[in-house]
A.B. asks: 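The structure that follows is given in the form of structure tokens.
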Amino acid sequence: MKTRKITRRQAITAASAGALGTFVNWSLPSFTINSNNHVKLAINGGEKVHPGTWPQWPVWDQAAEKNITDMLRTGRWWRGDGEHVADFEQRYAGLMGAKRCLATASGTTALIIALKALGVDAGDEVLVSPYTFIASYNVIFMNKALPVFVDSDPETFLMDPSKIESRITDRTTAILPVHIYGLPVDMDRVNAVAEKHNLKVVEDACQAWLGEYRGKKTGTLGDAGCFSFQNSKNLPSGEGGAILSNNETLMDRCNSLHNCGRPVGSMPKTSAYPISGTNFRMQQFQGLILMSQMNRILKDADIRLANALYLSARLKEIPGIIPFKPADGAERSAYHLYPFRYISKEFNGASKERFISALNAEGIPCGAGYGPQNKDGLIEDMLTSKGFKRLFSESRLRQWRAENVLPGNDKLCSEAVVFYQSILLGSRSDIEDIVKAITKIYENRASLKG
Ligand SMILES: Cc1ncc(COP(=O)(O)O)c(C=O)c1O
């Protein structure tokens, strides 16, 4: 019989990887894995570990109802006619510790504008994380630049800073690290490479509200940081986004670019529309929803953190389950998702897909995370497009294809399993059920393979 116990000391060591809110209670029940503990897995017709429900998302706030109805009746729905978007910008900048915030229609539009305002232009190259949502590299294409993927560190789930420098060419103008799932990238190392090679840094913090790195919030660590408030996000408003920066001139430029080129602050006022811009404005409705969601964001973040730390301390005791490792300097994750790696050989060779199905059958929702985005077919479509052939030489594109080999990221994609953020808003007994379900699957791995 194989048994393992987790001690309180091990739990506290795990906790030191992140800041603890007052919510955290480190009473770990003793934990035993027993290889002879055979019961029927739910996927094979046995009883579910968690027959109950999970917290739903998003959660609406009754206090917002009257404000939204009042605003509806005014007819002042666009930001130019009202105060709600500006109010939100001020509050969000204050929360995140940035001088300025510009609200946008979405996270995608925030990223497009930030890159453009920092000078990314047709024919440039931008270094980007491959373990991410498709928008992180689509925004580079939207600026007619070439995304160049930097391999991931499978342990942290993030861009590996040691792999950045070798991907720089004379066309590289910016680095776009992604704090995926809310996990802070080691930004000191990213910024050091950027400074050495005179590159701009745009943080994709679209999943990283309230993440912390060396005493600062994620999204305030580069030249600009971009956020998403799409419906699934920890701060939701249906659609929505924001750019944060301490650079006033840059923010004036972002504002102007997102508002049809109208002059703002330090921008030249030579005409009504002195620069070529577009319309990526946020609406008043979105501003109001965000203001109401801001009332819960700190409390929710503390609950997610406490449950995630507890989960990490427990899951790492199960053979074949490897919780993410915080990058150097990361003090707090925003936990848009909670990620770990599944090592199939420890589970009798059962595939990741089978493990996920088994966990779902036990009543624990989870997903497979991102696929290898650097191999996405749309990239080849872009590289072979008429415009791209004009912008980049055959030999450059050939070299791009030859170097687009990312073993760290491939490993990560094949092993990652994720829990959605609202799961982390569950009770301690809900979280305990996750541990029980994975332990049960491990103990009964002999019957797991389909
Ligand atoms: C990492 C990342 N970047 C960018 C985006 C784009 O944000 P939006 O959907 O608000 O346009 C998202 C949205 O899911 C994201 O997760």
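Both counts, for ligands and for their atoms, begin at 1 and track the order of listing.
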A.B. asks: Could you check which of Gln207, Lys233, Glu239, Gln230 puts a non-hydrogen atom nearest to atom 13 (C) of ligand 1?
C.D. replies: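 Checking each option, the heavy atom nearest atom 13 (C) of ligand 1 is found in Lys233.
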A.B. asks: Start with the C-alpha distance between Ser162 and Asp160, add both sets of side-chain angles, then the distance that settles side chain to side chain donor-acceptor pair (under 3.5 Å), and finish with yes or no.
C.D. replies: CA-CA 5 Å; Ser162 72; Asp160 182 341; 2.8 Å; yes
A.B. asks: Considering only the protein, which heavy-atom contact is closest to atom 12 (C) of ligand 1, and what is its distance?
C.D. replies: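 Among all protein heavy atoms, the one nearest atom 12 (C) of ligand 1 is Phe133 CD2, 3.5 Å.
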A.B. asks: Polar contacts were defined as any N/O atom of the residue lying under 3.5 Å from an N/O atom of the ligand; does this apply to Gly107 and ligand 1?
C.D. replies: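 Yes - when backbone and side-chain N and O of Gly107 are compared with those of ligand 1, one distance drops under 3.5 Å.
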A.B. asks: Under a 3.5 Å threshold, yes or no: a donor from one side chain and an acceptor from the other, between Arg304 and Gln421?
C.D. replies: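 Note: Arg304 and Gln421 side chains meet the donor-acceptor criterion.
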A.B. asks: Mark the output for His336 as yes if a heavy-atom distance to ligand 1 is under 4.0 Å, and as no if none is.
C.D. replies: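 Not so, His336 does not reach ligand 1.
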A.B. asks: Step by step, would you call Tyr338 with Tyr181 a ring pair (Phe, Tyr, Trp, His ring centres under 6.0 Å)?
C.D. replies: CA-CA 7 Å; Tyr338 176 94; Tyr181 301 151; 9.6 Å; no
A.B. asks: Could you tell me which atoms of ligand 1, counted from 1 in the order shown, lie closer than 4.0 angstrom to a heavy atom of Ala135?
C.D. replies: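 Checking each atom against Ala135, I get 4 (C), 5 (C), 6 (C).
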A.B. asks: Do Arg171 and Leu146 come within less than 4.5 Å of each other through their side chains, counting heavy atoms only?
C.D. replies: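 No, side chains not in contact.
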A.B. asks: Please report the shortest heavy-atom distance between Leu288 and His84, naming the atom on each side.
C.D. replies: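 Closest approach of Leu288 to His84, heavy atoms only: CD2-ND1, 3.5 Å.
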A.B. asks: Note the single closest protein heavy atom to atom 6 (C) of ligand 1, along with its residue, its atom name and the distance in Å.
C.D. replies: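 Going atom by atom, the protein heavy atom closest to atom 6 (C) of ligand 1 ends up being Thr108 OG1, 3.4 Å.
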A.B. asks: Report the nearest protein non-hydrogen atom to atom 3 (N) of ligand 1: residue, atom name, distance rounded to 0.1 Å.
C.D. replies: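 Heavy-atom neighbour on the protein nearest atom 3 (N) of ligand 1: Asp204 OD2, 2.8 Å.
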A.B. asks: Select the closest option to atom 9 (O) of ligand 1 among Ser228, Pro236, Ser237, Ser232, judged by heavy-atom distance.
C.D. replies: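 Going through Ser228, Pro236, Ser237, Ser232 one by one, Ser228 has the nearest heavy atom to atom 9 (O) of ligand 1.
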A.B. asks: What residue and atom, counting heavy atoms only, is the protein's closest point to atom 4 (C) of ligand 1, and at what distance?
C.D. replies: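 Its nearest protein heavy-atom neighbour is Cys206 SG, 3.4 Å.
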A.B. asks: Contact between His197 and Glu165 at the side-chain level, heavy atoms closer than 4.5 Å - yes or no?
C.D. replies: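 Result yes, sub-4.5 Å side-chain heavy-atom pair found.
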A.B. asks: Is it the case that the ring center of Tyr137 lies less than 6.0 angstrom away from the ring center of Phe149?
C.D. replies: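 Yes, they do, as the ring centres are separated by less than 6.0 Å.
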A.B. asks: Mark up the atoms of ligand 1 that fall under 4.0 Å of a heavy atom belonging to Ser136, in ascending order.
C.D. replies: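 Within the 4.0 Å cut-off of Ser136, ligand 1 contributes 1 (C), 3 (N).
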A.B. asks: Run the numbers for me: atoms of ligand 1, each under 4.0 Å from some heavy atom of Thr132, listed by number.
C.D. replies: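 Within the 4.0 Å cut-off of Thr132, ligand 1 contributes 1 (C).
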A.B. asks: Between Tyr370 and Tyr131, does the ring centroid distance fall short of 6.0 Å?
C.D. replies: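 Yes, ring centres under 6.0 Å apart.
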